[in-house]
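The structure presented is a predicted model; accordingly, all values stated were derived computationally and were not measured. By convention here, the first residue in the shown sequence is residue 1. Start at 1 and go down the list; that is how both ligands and their atoms are numbered.
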Amino acid sequence: MIPQPKGAADIVLDDVAFTYEDMHMLFDVTMKAGGIISVMGASGSGKSTLLNLIAGFERPDSGRVLIGGADVTDMPPSARPVSMVFQENNLFAHLTVEQNVGLGRSPALRLTDADRVEISDALARTGLAGKEKRLPRELSGGERQRVALARVLVRDRPVLLLDEPFASLGPGLREDMVDLVMAVHAERGMTVVFVTHQPEDARRIGGNLLFLEHGRVVAEGKTATFFGKDGPEAFQRYMGTGGASA
Ligand code: ADP
Ligand code: MG
């Protein structure tokens, strides 16, 4: 077994029920501390809702959410040990790159010299050195997502949630960005939950996979197994590769 990295936290959704109108979701799942977990499933299967329940943007109708053993069910998002990156709009349009990253350190941007060193390291680490003073609109889509990742680095939380963060980027760039997430994971060892509808992303990441249908986890296990010939039937159906016995 890989030793559990310092600062990582496991995530438990203990019989978490959540309803949108006639969509009843139920999650009962554990994600290991320091793991990297891809989440796949058709549009509307509940991937974003699963992340929002962990982050605290949604509250369960019943059940509990635990992070690192602590019950966070009643905690607001800002109090949870979590960072989240969305597909877009992660940045404040009127703040520079440097300031957007600085928010990960201090919401009021009261930054110490040590904070500034961290911010500059994170910008270098994500390939953004020299772009500190730019505004989000002066960056490419890929660069904006790098800024969001730089902010994750300076926030340094035990859980990182990514909701289709690179969906609007082209394939080559997406690979680079996935590699950057993996490098950040290798360096910090936080628990990473990565929602993607791109099978190549999940394969590249390796680790474990959760497959959702209709607001439930219908298959989970090693990502490599999902993509092998003995992958879960529901997943093969989704991928259009199985179904002979269906
Ligand atoms: P995914 O991220 O897998 O595409 P979501 O978690 O966004 O799925 O949505 C799961 C289900 O909840 C869908 O059936 C969707 O229609 C419904 N839903 C999501 N957000 C809302 C909302 N704000 N109001 C009503 N229904 C919603
Ligand atoms: Mg979604």
S83-R155 side chain donor-acceptor pair, cut-off 3.5 Å:
yes

So is K47 polar-close to ligand 1, meaning N/O to N/O under 3.5 Å?
yes

I'd like to check N90 versus R151 (side-chain heavy atoms, cut-off strictly below 4.5 Å). Are they in contact?
yes

Pairs in or reaching into residues 63-72: which pass side chain to side chain donor-acceptor pair (under 3.5 Å), with residues at least two apart or in two chains?
D14-R64, D71-T73

When the ring planes of Y238 and F211 are compared, do they come out parallel, tilted or perpendicular, using 30° and 60° as the limits?
tilted

Test item: protein heavy atom less than 4.0 Å from atom 12 (O) of ligand 1
yes

Within a distance under 4.0 Å of any heavy atom of S48, pick out the atoms of ligand 1 and give their elements.
1 (P), 2 (O), 6 (O), 7 (O)

Look at the side chain of T196 and the backbone N and O of Q198, then say whether any donor-acceptor pair between them is shorter than 3.5 Å.
yes

Do V65 and L51 sit in the same hydrophobic cluster, where Ile, Leu, Val, Met, Phe, Trp and Tyr count as joined when their side-chain heavy atoms come under 4.5 Å apart?
yes

What I want to find out is whether R204 reaches D179 closely enough, with some N-O distance under 4.0 Å, to be called a salt bridge.
yes

The protein heavy atom nearest to atom 4 (O) of ligand 1 is G44 N, 2.7 Å

Tell me if the CZ atom of F57 is crowded by more than 12 foreign heavy atoms within 6.0 Å.
yes

Keeping R80 on the side-chain end and I54 on the backbone end, is there a donor-acceptor pair under 3.5 Å?
yes

Part of M23 within contact of ligand 1 (heavy atoms, under 4.0 Å)
side chain

Among all the protein's non-hydrogen atoms, which is closest to atom 25 (C) of ligand 1, and how far away is it?
Y20 CD2, 3.5 Å

Output the list of atoms in ligand 1 that are nearer than 4.0 Å to some heavy atom of A42, sorted by atom number.
3 (O)

Ligand-residue contact atoms, ligand 1 with M25, heavy atoms, under 4.0 Å
10 (C), 11 (C), 12 (O)

Would the distance check show the side chain of E132 and the main-chain N or O of G130 forming a donor-acceptor pair, the cut-off being under 3.5 Å?
yes

The number of protein N, O or S atoms lying under 2.8 Å from the Mg ion (ligand 2) is 1

Interfacing atoms of ligand 1 (cut-off 4.0 Å, heavy-atom, T49)
5 (P), 6 (O), 9 (O), 10 (C)

Run the ring-centre check on F27 versus F18 and record whether the distance is less than 6.0 Å.
no

Kindly identify the option in G46, G41, S43 whose heavy atom sits closest to atom 8 (O) of ligand 1.
G46

